[in-house]
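As structure tokens, the structure follows; a few thoughts come after it.
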2 protein chains.
Amino acid sequence: MEITIDIEDPIPLFTQLVEQIKAAIIESKIKPGDSLPSIRQLANDLELNSKTVAKAYKLLERDLVIQSRGYRGTFVHPEALINSKMDLNADVIAQLNFAISACKKAGVTDSEIRIAFSCAMNSKNN
Amino acid sequence: MEITIDIEDPIPLFTQLVEQIKAAIIESKIKPGDSLPSIRQLANDLELNSKTVAKAYKLLERDLVIQSRGYRGTFVHPEALINSKMDLNADVIAQLNFAISACKKAGVTDSEIRIAFSCAMNSKNN
DNA sequence: AGTTGTTCCGTGTGTGGTAATGGTACATCT
DNA sequence: AGATGTACCATTACCACACACGGAACAACT
């Protein structure tokens with residue numbers, strides 16, 4: 001598994017990590033069940049902060065691409081191949097796009113939408 | 001029509017203007033068909049920039065509270081009384097709240113939602 | 001000629017979010 | 001003992017945006 005992190009790249013480091021791991025799975029360089037290096041170890045290898053790697057791992061686990069078995073290490077998810085190709089954000093963008101374009105058609109200003117958005121984000125109605 | 005603008009108030013100046021004009025209509029201090037001072041004149045009276053007053057007027061016109069008849073001046077909208085009580089933003093917030101909480105329940109990160117939001121705002125799908 | 005609403009250019013300040021860094025601590029497994 | 005993922009505290013730099021301000025110009029009305 002060869003991972004290259006480019007600090008000069010405007011793409012966030014944790015995003016680079018996530019993308020490259022997903023790519024490695026799609027290219028079958030890593031297969032379901034394989035073990036991944038620990039957060040601290042990978043952070044050392046790539047000269048990154050362990051928090052940055054932890055963030056990437058957390059996102060990958062949420063997307064069911066990897067599985068962290070607690071103290072036993074982290075492994076590639078059984079259905080990692082399918083889930084690596086899924087783009088959760090696409091659905092999110094579609095959903096928001098619908099609500100936003102509805103607002104725009106109703107004549108709501110962009111800045112008003114932005115204000116309403118941060119209102120909705122900060123409210124605790126989960 | 002007595003309008004008071006408080007510069008120290010954290011509420012934006014144009015918002016104060018909008019609210020007070022709506023209040024004046026609800027309290028029947030101004031009635032449908034009445035003429036409103038011009039943008040520049042009101043800006044002078046309140047010691048505001050004309051842009052600030054123009055912004056307030058534009059919003060009031062969108063909400064069908066006032067009517068600008070081009071070069072003939074600005075007047076109170078026939079149905080101003082009803083429209084002054086409506087809160088467009090409330091509907092917007094509700095609509096966004098629905099989409100956002102759906103995303104959160106799907107496990108989408110707050111920052112991911114924000115990114116998707118700015119994506120949707122910048123896209124040209126009107 | 002003067003005023004109307006509108007639109008374009010721009011400047012400056014303040015707020016808030018993201019990204020990344022660091023340190024410390026925890027319970028649990030090998 | 002040593003490593004695991006995870007949680008909390010924090011700071012720094014950057015960037016996008018809201019708000020308000022200023023100047024200038026436009027076409028069309030009185």
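Naming: A, B, ... by sequence-line order, numbering from 1 per chain.
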5′-ward residue of the pair B:D110/B:A54 relative to DNA chain C: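 Per heavy-atom nearest nucleotide, the more 5' residue is B:A54.
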Between [options], which nucleotide has the shortest distance from any of its atoms to the side chain of [X]?
X: A:P12; options: C:dT21, C:dA19, D:dT4; answer: C:dA19
X: A:R114; options: D:dA18, C:dT7, D:dG5; answer: D:dA18
X: A:I115; options: D:dC17, D:dC19, D:dT6; answer: D:dC19
X: B:S111; options: C:dA19, C:dG22, C:dC29; answer: C:dA19
X: B:K51; options: C:dT21, C:dT4, D:dC21; answer: D:dC21
X: B:R40; options: C:dG5, C:dA19, C:dG17; answer: C:dG5
X: B:T74; options: C:dT4, C:dT7, C:dG5; answer: C:dG5
X: A:Y71; options: D:dC19, C:dT4, C:dC29; answer: C:dC29

Answer yes or no: is there a side-chain heavy-atom contact under 4.5 Å between A:L96 and B:M121?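 A side-chain contact under 4.5 Å is absent here.
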Looking at [X], does any N or O in its side chain come under 4.0 Å of the phosphate oxygens OP1/OP2 on [N]?
X: A:S38; N: D:dT4; result: yes
X: A:T52; N: C:dT21; result: yes
X: B:S68; N: C:dT6; result: yes
X: A:N49; N: C:dA20; result: no

Specify the separation, in whole Å, of atom [atom1] of [X] and atom [atom2] of [N].
X: B:Y57; N: C:dT7; atom1: OH; atom2: P; value: 16 Å
X: B:L48; N: D:dG22; atom1: CG; atom2: P; value: 10 Å
X: B:R72; N: C:dT6; atom1: CZ; atom2: P; value: 13 Å
X: A:E112; N: D:dC17; atom1: CD; atom2: C1'; value: 15 Å
X: A:K55; N: C:dG22; atom1: NZ; atom2: P; value: 15 Å
X: B:L59; N: D:dA18; atom1: CG; atom2: P; value: 13 Å
X: B:L42; N: C:dT3; atom1: CG; atom2: C1'; value: 15 Å
X: A:I113; N: D:dA18; atom1: CD1; atom2: P; value: 11 Å

Let me spell it out: for each of B:L13 and A:R69, pick the nucleotide of DNA chain D with the closest heavy atom. Which residue's pick is nearer the 5' end?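 Comparing both residues, the 5'-ward one is A:R69.
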Would you mind telling me which residue lines up with the more 5' stretch of DNA chain D, A:G73 or A:K58, judged by nearest nucleotide?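 Here A:G73 is the residue nearer the 5' end.
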Given 3.5 Å as the limit, does a donor-acceptor pair link the side chain of [X] with the main chain of [Y], or not?
X: A:D63; Y: A:V65; answer: no
X: B:E79; Y: B:L64; answer: no
X: A:T109; Y: A:E112; answer: no

Just to be sure I understand the rule, does B:Q67 reach a base, reach only the sugar-phosphate, or reach nothing, if contact means heavy atoms closer than 4.0 Å?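 Result for B:Q67 = nothing.
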Is there a chain of hydrophobic side chains (I, L, V, M, F, W, Y, each step under 4.5 Å between heavy atoms) that links A:I3 to A:I25?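 Linked within one cluster.
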According to a 4.5 Å side-chain heavy-atom criterion applied to Ile, Leu, Val, Met, Phe, Trp and Tyr, with indirect links allowed, do A:I115 and B:L13 form part of one hydrophobic cluster?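 No; tracing contacts between hydrophobic side chains, which count when under 4.5 Å, never links both residues.
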